[in-house]
Structure formats: structure tokens, C-alpha cells
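Convention: sequence-line order gives letters A, B, ...; per-chain numbering from 1.
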Amino acid sequence: MAQTIKVPDDAGPYDVGLSIGRFPFDWELYDYTRTEAGWSKQRLAAGSNLMMVRLPEKSRGELAGHTLVWSVTLLDLDDQTRTTELTVSLLGPGKRPGVVTASFDAVPERPHLFITVEVIA
Amino acid sequence: MRAAGPLCALLCLLAAARARAASAEALDAASPLLASDSFAVQAISGSELQVTRPGSMREASSAMGAFVRSGKLAPGAAVEVTPWDLYFNGVTWREYLDNPWTRRLVNLAASLATTGGGETDPVRSAFAVRLRLWDDSDWRLNDAALACARRVLGPVYAPPDAPPDETVQVQPEISGERRDALAACRRDNTRWNASQAAVGAALTLGTPGGTFTQTRPDGGAGWVSIGVPLGDAFQLLASARASFHKAQSGLPGSQVAGLGTRLCLYTLRRLVLLLDTGLGAQHQGDWTGRALLGATAQVRLFGQTWGELAAAEDVHLESLADSHFSITANLKWNYDVTSSLR
């Protein structure tokens, strides 16, 4: 199961960002919502390294239930496997962000990743 | 060689042999030390040890197991870790890029090595830390290497129709061709003679019988090493070391200091020429010294197999108890076919 991240405030705006240890990386962020037919997805942004992305949802009710997925290409030229921690942060207007951390083994041979978090109320 | 009669020459040879044994550390101190070397290994003269460098806490825990055998400290193990990187792991690439002190902290290396432990000798160990002052071979700081990696790896993967079930889903390995191209991004965009510098310190310990409770500190050491490029084909390395040992088991304490340099020529992708020079001095009751002049040629024969031809002139300078001064010179030839570039 993908980890969950709590919407930090009742009202937005909300910003979300991903960092992956001290690796540079390229990413695209997708916002998935469940529909009767399955899932629909919307490409929100693309970039490199840690950048905050403003989400289109304006309130806790709108944002909860969405799933955020980053498609990532890790730029890894190390010569060894490195256990790496990634952090997803969800910020609202308040001071307490929602945060999810996870670890994985970064290896140069497997640079493509999907990072998934489910947003809950 | 000493100019004297045959008997005196014999006595001098014996004295020189003793001095050679006693001043072995002076020779170590006169040998150039790379900024990336494990100083724990160097501090106990264990250059034959293979250093394990774990990339995760799990691997680090496993590697530390090599130091314990049957409840005792085991000789013949060497591990180097970067504790901040392994444990805290919270530095982003941008922070790493922007702040040189963050880089130094993340790359701060701690090493542990053991050797000795014969029937009468204690297990000797060293705990060392190394602070990398700068390292121009760091690929994370290399725009050309990163641009190359981006070209090789291409755009991110298209997203799946439904979100993956796991928080981190690592995709299958890239092709062998792209793996090779990725490795070339680092190799071809990093200067082989990139500028590097590091300082370090070590605490040495003795453990009689390998019994942990009897471990006692017996000395310390410090060093600095700098490597600078000279054009495209040359690199100059220089290192300085100092160490001391406490008096123990009837032996007086000792102090050692030395300076070593290496001029390295790498050309044609298959020829390496090394010219080593160094001076070391050791005080253990008397002063002894070592001067080193060495030349090494390495030629890549095929693949990663290298042939090596080396010659070293090693001069012993000793101040004997009867106030005579002696110089002994040795010439050593070495031929080897190595499996990789040293």
C-alpha cells in the first residue's frame, strides 16, 4: 500500500514537493482521481529536483481522496548501492506540513521510479 | 654504505636491519597518501587490507560483524563509512551543491581497521576520521556529467493508468548499453587528475589477545593530503603525516613525521608513470630517517589487466648510540601483473 499524507489545513492553497536524498532528479507530477470507469489522471507539472507545485484543489474536501504520483528519473552516477530517503511534503497556509518519508535502495541501473502518496482528509 | 672493515660492516648491517625494522613507520610516513585513502588502514600500516565501504545502515551493520570473532576483536578487517550520509540522509541535492560545509559533513568518513594479533602481539586497531576539504571529482557537482546522464536516460517514464500500490516503485533495469553509456558519463566528464584535499586524524589502540576489555589507546596520528592537476596528463600528490606511540612493553615511545609526493603521468589511456619521493623521520630513543625515491610504470595489457614494473631506492639514515651516523641504501625492483590500476 502506498503511504498516505494528510491534508494539513481546511483551506488551501496547497503546495506539494518531493526530495530524494542528495540525488539530482527529473520528475513529472500526476494527480489521479478515482472515477466510475477506473482512474483519471492529470499532469500537473514537470521539473528537476525539489520544487514546490501548487495544487489546483482549494479545500480539504477537494484534495482528500486524490493520489499524487511522481514519475522520476534519478541521476545516479554512484558506483555503489545507496539506501536513500525520500520526502514528500504537502504544505497549506498553516505552519504544519503533511510529510511522508520512505527509503529505497538507489542503484544506477534502475533510475526510473514512481513515487505514490494517497491524500487523506 | 658505511666505509669500514669487514667485521664492522657486519655489525653495521645488523644495526641497519634493526633500524630498518624500527623505522618502518618513517617509510610509511614518507610514502604519498591519497586524499581518498582510508586513514585507519594507513595508521596501522595495514595497506594489504581490503576496505569495505557500505552504502546503507544495513550493509554497515553487516560489515561491522567482521570485527568480532568468537567474542574477540578480529584482525584483518577494515570498514569506512560516511555516518552523516548513512544515518541522517536528509540533505537535498541543492543543499549539497550550494554549501561546501554541508558537503564536507556529508562526506565526513569514519574508518576502523584491525591488524596483527599473532601469538604474542596484541590486535592493533585504528579509528580514524577524514574530512574532505574539496573534491573536484564529485559527479554531483559536475554539470557536464549530469547533462550526459540526462541525455542517456531520456525523459521520465509515462505514468501508469492506475497509481502504483507501493510508495516507491522502482522500475526494471535499463539496458546494458545505456548502463555503459551512463558509466561513461562519469568517466568521460571527470578529470582523472581532479583536485582533491583531505585532512584526517586517527586514534590507535592495542587489544592483547583480542579481549575487548583490555583495549587501550597506544597512540595517535594526523595527516593532510592534496592532489592537484598539472595540465591534462599530470597530477601532483603531496601528503604529510605525523604520529606518536606511547611507551609500552619495554619499548620507548616514538614520534614519526614524514612528507611524501607523487608525480603521476597518465596518457594514451594505457600508460601510467609514477614518480614517488619522500622523507620520513622517526624518534624512538635515537633518530632514524628514511628517504624514498621510487618509479613505477603501469601499462594496460588488455581489458582491466595492467602490467607493472617498479623500482625504488630506499635510503636509511640512522643515528646510532655510539654517535656514528650511518646511511644504508636499498634498491628494490618489482614486477607485477595487476588486475586493475593501483
> Which residue out of B:D161, B:D165, B:L146, B:T167 racks up the most heavy-atom pairs below 4.5 Å with chain A?
Replying inline: B:T167
>> For the interface with chain B, which of A:D76, A:T101, A:L74, A:L68 has the highest count of heavy-atom pairs at distances below 4.5 Å?
In response: A:D76
>> With chain B as the partner, which of A:P24, A:A102, A:S71 has the greatest number of non-hydrogen pairs under 4.5 Å?
In response: A:P24
> Applying a criterion of heavy atom separation less than 4.5 Å, what residues of residues 43-57 of chain A form contacts with chain B?
Replying inline: A:S48, A:N49, A:L50
>> As an exercise: rank A:D79, A:L75, A:L113, A:V107 by heavy-atom pairs under 4.5 Å with chain B and give me the winner.
In response: A:L75
> Which region of A:Q80, side chain (C-beta onward) or backbone (N, CA, C, O), has a non-hydrogen atom less than 4.5 Å from a non-hydrogen atom of chain B, or is it both or neither?
Replying inline: side chain
> Given that the side chain runs from C-beta out, which part of A:F23 has a heavy atom under 4.5 Å from chain B: side chain, backbone, both or neither?
Replying inline: both
>> Quick check for you: among A:D78, A:T73, A:V72, which has the greatest number of heavy-atom pairs under 4.5 Å with chain B?
In response: A:D78
> Tell me, side chain or backbone of B:R179 under 4.5 Å from chain A's heavy atoms, or both, or neither?
Replying inline: side chain
>> With a 4.5 angstrom heavy-atom cut-off, is it the side chain or the backbone of B:Y157 that approaches chain A, or both, or neither?
In response: both
> Which residues, numbered in order, of residues 125-138 of chain B come under 4.5 angstrom of chain A by heavy-atom distance?
Replying inline: none
>> Within this structure, what is the CD-CG distance for the pair A:E109 and B:L182, rounded to the nearest 0.5 Å?
In response: 8.5 Å
>> Counting only non-hydrogen atoms closer than 4.5 Å, does B:A183 touch chain A with its backbone (N, CA, C, O), its side chain (CB onward), both, or neither?
In response: neither
> Are there more than 12 heavy atoms of other residues, nucleotides or ligands under 6.0 Å from atom CG of B:D232?
Replying inline: no
> In terms of heavy-atom pairs under 4.5 Å, which option from B:R140, B:E173, B:Q169 contacts chain A the most?
Replying inline: B:R140
>> Looking at every heavy atom in both A:P108 and B:I174, which two are closest together, and how far apart are they?
In response: O-CD1, 4.1 Å
>> Show the nearest heavy-atom pair for residues A:Y32 and B:P160, with the distance to one decimal.
In response: OH-O, 2.5 Å
> Closest approach of A:A2 and B:P164, non-hydrogen atoms and distance?
Replying inline: CB-O, 4.4 Å
> Which answer fits A:W27, side chain, backbone, both or neither, if we ask what part of it has an atom under 4.5 Å from a heavy atom of chain B?
Replying inline: backbone
> Should A:R22 and B:L97 count as side-chain neighbours, where that means a heavy-atom distance under 4.5 Å?
Replying inline: no
> If you round to the nearest 0.5 Å, how far is OG1 of B:T190 from CG of A:L77?
Replying inline: 8.0 Å
> What is the minimum heavy-atom distance between A:F114 and B:P159, and which atoms define it?
Replying inline: CE2-CA, 4.0 Å
> What heavy-atom pair brings A:F25 and B:R150 nearest, and what distance separates the two atoms?
Replying inline: O-NH2, 4.4 Å
>> Please classify the contact of B:E166 with chain A as side chain, backbone, both or neither, using a heavy-atom distance under 4.5 Å.
In response: backbone
>> Can you confirm whether more than 12 heavy atoms, excluding those of A:K41, are under 6.0 Å from its NZ atom?
In response: yes
